[in-house]
Amino acid sequence: MAETLLFNALREAIDEEMARDPHVCVMGEDVGHYGGSYKVTKDLYEKYGELRVLDTPIAENSFTGMAVGAAMTGLRPIVEGMNMGFLLLAFNQISNNMGMLRYTSGGNYTIPAVVRGPGGVGRQLGAEHSQRLEAYFHAVPGIKIVAVSTPTNAKGLMKAAIRDDNPVLFFEHVLLYNLSEELPEGDYICALDQAEVVREGTDITILTYSRMRHHCLKAVQSLEAEGVDVELIDLISLKPFDMETIRASIRKTHKVLIVEECMKTGGIGAELMALITEQCFDDLDARPVRLSSQDIPTPYNGTLENLTIIQPHQIVEAARALKAGVI
Amino acid sequence: MTQADTSRDATGGTLEASGAPGCSAESTHVAGPHAERLENLYPGTPATVDREQGLVLYRDMVLGRRFEDKCAEMYYRGKMFGFVHLYNGQEAVSTGVIKAMKAQHDWFCSTYRDHVHALSCGVPAREVMSELFGKETGCSKGRGGSMHLFSREHHLLGGYAFIGEGIPVALGAAFTSRYKRDALGDASSDSVTAAFFGDGTCNIGQFYECLNMAALWKLPILFVVENNKWAIGMDHNRATSDPEIWRKAAAFGIPGEEVDGMDVLAVRAAAQRAIERARSGEGPTLLECLTYRYRGHSLADPDELRAQAEKEFWAQRDPIKRLAVHLTEHNLASGDELKAIDREIDAEVADAVEFALAAPEPSGEELTRYIWAED
């Protein structure tokens with residue numbers, strides 16, 4: 001069977017869900033005629049028409065708010081952030097309306113909406129297009145946050161997000177759209193709240209998500225040759241964390257390394273570390289270790305950009321030190 | 001006056017220095033430029049109502065007024081907390097628009113000044129008062145409070161506490177209406193949405209963004225501006241380059257109408273025209289209702305800025321008294337009948353307070369309920 005590129009896996013998921021449920025619709029900048037900035041909605045406009053694949057003007061907070069109102073009144077909108085960074089402009093609608101409204105309304109309304117798009121640090125896109133909003137949105141109550149990392153989980157998670165009755169922030173990564181692999185056949189979904197154990201191991205638990213999964217996989221190859229047996233876990237769900245899977249792994253390895261692309265301060269790892277300290281303290285043989293991006297705006301220069309985010313060799317070094325007990 | 005009636009050119013005038021910065025709207029009117037606009041308003045044809053309709057409007061406005069007066073009393077007696085924004089003086093707008101629409105069919109979207117919109121939508125006074133008291137029996141289960149009244153049953157999309165954020169939500173409800181009709185093929189889908197907001201909101205981006213999208217997609221929505229002149233302490237004429245908000249509709253190619261917001265029959269007539277257009281697929285309308293809030297911005301506002309002459313001007317145009325005169329002069333109701341309604345409303349409001357006082361507090365065990373759809 002042919003391999004599928006990640007952006008096409010997402011497209012398949014949206015296409016299948018739109019065919020399955022006529023209330024599912026897409027709205028955002030250039031999602032229609034243009035097919036999406038990363039072609040995730042290519043040709044869906046021809047198939048489903050301009051209302052179901054709605055090209056919006058450049059007005060992030062208003063079309064995001066419109067999705068909230070549409071979801072409150074019976075539709076299941078998918079909002080595309082052309083670049084997730086642009087959704088800083090829709091922070092109020094995502095936080096106050098998507099996240100909090102069900103609660104403040106005392107359960108009057110549900111908001112089955114997906115906000116998806118490319119996040120992460122690309123290649124020399126400059127600071128504004130290289131954001132990791134998952135950290136910024138992490139404190140917002142009432143939203144689920146998911147980060148995909150392979151064509152298989154991208155498709156299965158997208159379908160689950162669309163079917164979920166809660167608002168889901170769905171992070172893709174700008175550098176992963178052209179990953180390809182063979183997809184499972186048929187109509188499958190992946191659980192939104194379950195981490196993926198990518199590789200089982202006994203020495204160290206590495207917790208990561210999104211593109212850093214692939215950096216970790218490179219590191220794991222080197223570590224394997226050195227005799228370090230890593231258990232690699234892709235968090236998938238950034239909110240809530242799958243603490244059951246995380247706790248089970250730490251009970252086995254007693255050592256944990258967190259690898260993330262967001263900045264260190266107020267990052268995903270910061271919260272994860274706090275929870276691990278609270279819940280797994282007695283199982284730890286060493287302090288949890290965190291590898292994060294620098295606390296700076298992502299520089300344009302390629303060398304500086306590489307120094308800003310974590311590289312595979314740093315993961316190898318940290319894992320080696322952790323195994324050797326010198327951390 | 002509607003857009004079609006005007007020949008005034010918004011850009012044709014000569015720019016002149018105008019004294020103090022931000023005070024370009026000069027007026028010699030004793031009660032200021034907002035009052036002068038109302039006096040010079042081109043008189044539209046008011047709605048004609050029969051006895052039954054007239055009494056519905058009267059009852060709704062009196063309920064709004066008496067409910068808010070009771071809120072002030074309860075606030076000062078320490079029964080309700082937080083920021084409480086009362087609607088006194090603006091009743092003709094809520095009643096004039098909402099009672100021209102179809103209850104539990106059309107959709108309504110409000111702001112932080114939302115108690116009376118909720119009542120006009122049909123949310124029982126008991127549920128609104130309970131919410132203000134933070135009780136489990138409140139329309140938002142005590143989780144929302146004064147600025148976050150919601151009722152799915154009565155199609156109240158909510159009270160939105162931040163300026164402008166409700167407008168896109170209302171746009172979404174209007175989008176759903178069109179989507180159901182044109183994408184799902186449901187010919188019966190003809191609901192119209194009314195978005196209420198104030199003059200201060202007309203300076204925020206979402207207002208313009210949503211006018212644009214509503215016009216682009218011909219969405220069935222009424223943008224109802226309750227221009228009460230004051231955004232807390234910011235005079236409308238100091239905040240906006242063209243104080244005539246209704247004229248901004250022209251930039252989007254949609255009808256705009258300037259309405260006497262102190263006359264419920266004028267508001268009703270304008271709303272009926274806009275609803276008719278929206279329901280028949282002709283798209284949105286911008287209604288600017290000239291009105292005034294009798295009280296400060298919220299119950300925490302000492303209300304020291306507004307001139308006495310201005311307050312008196314608007315008090316003399318009280319929308320409830322005006323409708324009462326209309327109903328009696330047209331022999332639609334007697335003064336005694338109206339007084340009887342007043343007493344009934346007082347009893348209803350007293351009952352709401354009694355109910356809310358006796359109602360249970362939300363259970364601490366349900367503190368985290370309603371975060372997720374499944375709970």
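Fair warning: this is a prediction, and the values are worked out from it, not measured in the lab. Below, chain A is the first sequence line, B the second, and so on; all start at residue 1.
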Is the backbone N or O of A:Met72 less than 3.5 Å from a side-chain atom of B:Arg152, with the two atoms forming a donor-acceptor pair by type? yes
Using heavy-atom distances under 4.5 Å, tell me whether B:Asn212 contacts chain A through its side chain, its backbone, both, or neither. side chain
Does atom CD of B:Glu374 have more than 12 heavy-atom neighbours, drawn from other residues, nucleotides or ligands, at distances under 6.0 Å? yes
Is B:Tyr160 close to chain A through its backbone or its side chain, or both, or neither, when contacts mean heavy atoms under 4.5 Å? side chain
Looking only at heavy atoms and a cut-off of under 4.5 Å, which of A:Asn96, A:Thr64, A:Val68 has the most pairs with chain B? A:Asn96
Which heavy atom of B:Ala183 sits nearest to which heavy atom of A:Leu51, and what is that distance? N-CD1, 4.1 Å
Side chain from CB out, backbone as N, CA, C, O: work out which of these in A:Met100 comes under 4.5 Å of a heavy atom of chain B, or both, or neither. neither
How far apart are the C-alpha atoms of A:Ser105 and B:His148, what are their side-chain angles, what is the distance that settles it, and do they pass the side-chain contact (heavy atoms from CB on, under 4.5 Å) test? CA-CA 7 Å; A:Ser105 78; B:His148 302 292; over 6 Å; no
Chain B contact via A:Asp165 - side chain, backbone, both or neither, heavy atoms under 4.5 Å: both
Closest-packed option against chain B by number of heavy-atom pairs under 4.5 Å, given A:Ser62, A:Gly107, A:Pro167: A:Ser62
Can you confirm whether more than 12 heavy atoms, excluding those of A:Lys39, are under 6.0 Å from its NZ atom? yes
Side chain, backbone, both or neither of B:Leu216 within contact of chain A (heavy atoms, under 4.5 Å): side chain
What's the separation between atom OH in A:Tyr103 and atom OG1 in B:Thr368, rounded to the nearest 0.5 Å? 7.5 Å
Stepwise side-chain contact (heavy atoms from CB on, under 4.5 Å) test for B:Phe175 and A:Thr73: CA-CA 9 Å; B:Phe175 178 75; A:Thr73 49; over 6 Å; no
Cut-off 4.5 Å, heavy atoms of chain B, and the answer for A:Leu54 is side chain
Engaged part of B:Cys109 at the chain A interface, taking heavy atoms whose separation is under 4.5 Å: neither
Looking at B:Gln104, I want to see if its CD is surrounded by more than 12 non-hydrogen atoms of other residues, nucleotides or ligands under 6.0 Å. yes
Heavy-atom pairs under 4.5 Å with chain A, option from B:Ser140, B:Gly142, B:Cys139, B:Ser151 with the top count: B:Ser140
Under a 4.5 Å heavy-atom cut-off, does chain A meet the side chain of B:Ala173, its backbone, both or neither? both
Below 4.5 Å, heavy atoms only, C-beta onward: do A:Lys144 and B:Trp372 meet side chain to side chain? yes
If you count every heavy atom of other residues, nucleotides or ligands that lies below 6.0 Å from A:Ile58 atom CD1, does the total exceed 12? no
Under 4.5 Å from any heavy atom of chain B, what part of A:Thr104 do you find: side chain, backbone, both or neither? both
Answer yes or no: does atom CD of A:Gln279 have more than 12 heavy-atom neighbours from other residues, nucleotides or ligands under 6.0 Å? yes
Non-hydrogen atoms of A:Asn97 and B:Val169 that approach each other most closely: OD1-CG2, 4.3 Å
Should we say atom OH of A:Tyr188 is surrounded by more than 12 heavy atoms from elsewhere, each under 6.0 Å from it? yes
Might you work through the side-chain contact (heavy atoms from CB on, under 4.5 Å) test for B:Gln206 and A:Gln93, ending with a clear yes or no? CA-CA 11 Å; B:Gln206 285 167 102; A:Gln93 307 289 350; 2.4 Å; yes
Under 4.5 Å to a heavy atom of chain A? For B:Arg178 that would be both
Can you tell me how the ring of A:Tyr109 sits relative to the ring of B:Trp107, calling it parallel under 30°, perpendicular over 60° and tilted otherwise? tilted
Out of B:Thr193, B:Asp182, B:Leu157, return the one with the most heavy atom pairs under 4.5 angstrom to chain A. B:Leu157
B:Phe150 and A:Leu101: side-chain contact (heavy atoms from CB on, under 4.5 Å), yes or no, with the steps? CA-CA 9 Å; B:Phe150 291 87; A:Leu101 192 147; 3.7 Å; yes
Report the distance from atom OG of A:Ser95 to atom CZ of B:Phe162, rounding to the nearest 0.5 Å. 8.0 Å
Contact part of B:Leu184 toward chain A, heavy-atom cut-off under 4.5 Å: side chain, backbone, both or neither? side chain
Contacting moiety of A:Thr56, where chain B heavy atoms sit under 4.5 Å: both
Most contact-rich option vs chain B, by heavy-atom pairs under 4.5 angstrom, among A:Cys25, A:Gly49, A:Pro141, is A:Cys25
Tell me whether A:Glu128 at atom CD has more than 12 heavy atoms from other residues, nucleotides or ligands lying less than 6.0 Å away. no
Cut-off 4.5 Å, heavy atoms of chain A, and the answer for B:Tyr179 is both
So which of B:Leu156, B:Thr176, B:Leu149, B:Asp375 has the biggest tally of heavy-atom pairs under 4.5 Å with chain A? B:Thr176
Taking atom types as modelled, find out whether B:Glu165 and A:Asn61 have a side-chain donor-acceptor pair closer than 3.5 angstrom. no
Nearest-0.5 Å distance, CG of residue A:Asn108 to NE2 of residue B:His155: 11.0 Å
